[in-house]
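Single-structure report; data block below.
Heavy atoms only: backbone and side chains are in, while hydrogens, waters and symmetry mates are out.
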Amino acid sequence: MRNNPIVEKSKKFALRIIKLYKYLITEKREYVLSKQILRCGTSIGANVKEAIRGQSKADFYAKMNIALKEASETEYWLELLHESDYIEFSHFQSIYDDCQELLKILMAITKTQNS
């Protein structure tokens, strides 16, 4: 599993999300949105990891589709956190760009399901 870009990128992203969560609860005292982003932002990598160990092609694509949905939800929570002024633009843009990259990779992977 080493050198698998989606596994590595989703794990690094999850670690960034955990740091964001810690920041939100300690510095901003925000507990509701922070839980949402923690849940979906870390779930991306968990589903990718499950997909890699899938029992079948169908299982692989089902888990990758869930990872894609979680990435899309994470994108939404990041936008809300930024637009509600919980995170500054520079911090938002960096993690948002990483989320966009994950979305593109996951869309490419799930698109091959129909090929």
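- Taken from OG in Ser43 to NZ in Lys69, the straight-line distance is 12.0 Å, to the nearest 0.5 Å.
- Val48 and Ile109 fall within a single hydrophobic cluster, where Ile, Leu, Val, Met, Phe, Trp and Tyr are joined by side-chain heavy atoms under 4.5 Å apart, directly or via other members.
- Separating the NZ atom in Lys57 from the OG1 atom in Thr112 is a distance of 8.0 Å, to the nearest 0.5 Å.
- Thr42 is not listed as a side-chain neighbour of Tyr21, based on a closest heavy-atom distance of 4.5 Å or more.
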What's the verdict on side chain to side chain contact (heavy atoms under 4.5 Å, CB included) for Trp77 and Glu73, showing C-alpha distance, side-chain angles and the deciding distance?
CA-CA 6 Å; Trp77 292 118; Glu73 183 180 342; 3.0 Å; yes

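- For Ser94 (side chain) and His91 (main-chain N/O), no donor-acceptor pair under 3.5 Å exists by modelled atom type.
- Contact of the Ile17 side chain with the Ile95 side chain is registered, since non-hydrogen atoms from C-beta on lie closer than 4.5 Å.
- By the criterion of side-chain heavy atoms lying less than 4.5 angstrom apart, applied directly or through intervening Ile, Leu, Val, Met, Phe, Trp or Tyr residues, Ile66 is not grouped with Leu103; the two fall into different hydrophobic clusters.
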May I have the step-by-step check of side chain to side chain contact (heavy atoms under 4.5 Å, CB included) for Asp97 and Glu101, ending in yes or no?
CA-CA 6 Å; Asp97 288 347; Glu101 183 178 4; over 6 Å; no

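- Contact annotation: the side chain of Glu75 approaches that of Glu79 to within less than 4.5 Å [non-hydrogen atoms, C-beta and beyond].
- Heavy-atom minimum distance, Ser10 versus Ile44: CB-CG2, 4.1 Å.
- Cluster membership check: Ile37 does not share its hydrophobic cluster with Val32, using side-chain heavy-atom separations under 4.5 Å among Ile, Leu, Val, Met, Phe, Trp and Tyr.
- Without hydrogens or angle criteria, Glu8 side chain to Asn3 main chain gives a donor-acceptor distance under 3.5 Å.
- Around the NE2 atom of His82, the shell of radius 6.0 Å holds more than 12 heavy atoms that belong to other residues, nucleotides or ligands.
- Pairing each heavy atom of Leu24 with each of Tyr86, the nearest pair is CD2-CB, 4.0 Å.
- The minimum heavy-atom distance linking Cys99 with Leu78 is given by the pair CB-CD1, 4.0 Å.
- A salt bridge links Arg39 with Glu70: the closest approach of a Lys/Arg side-chain nitrogen to an acidic carboxylate oxygen falls below 4.0 angstrom.
- The main-chain N or O of Leu106 is found under 3.5 Å from a side-chain atom of Thr110 such that the two form a donor-acceptor pair.
- Side-chain contact between Met107 and Leu68: present, with at least one pair of heavy atoms (C-beta onward) separated by less than 4.5 Å.
- Between the side chain of Glu30 and the backbone N or O of Leu33, at least one donor-acceptor pair lies under 3.5 Å.
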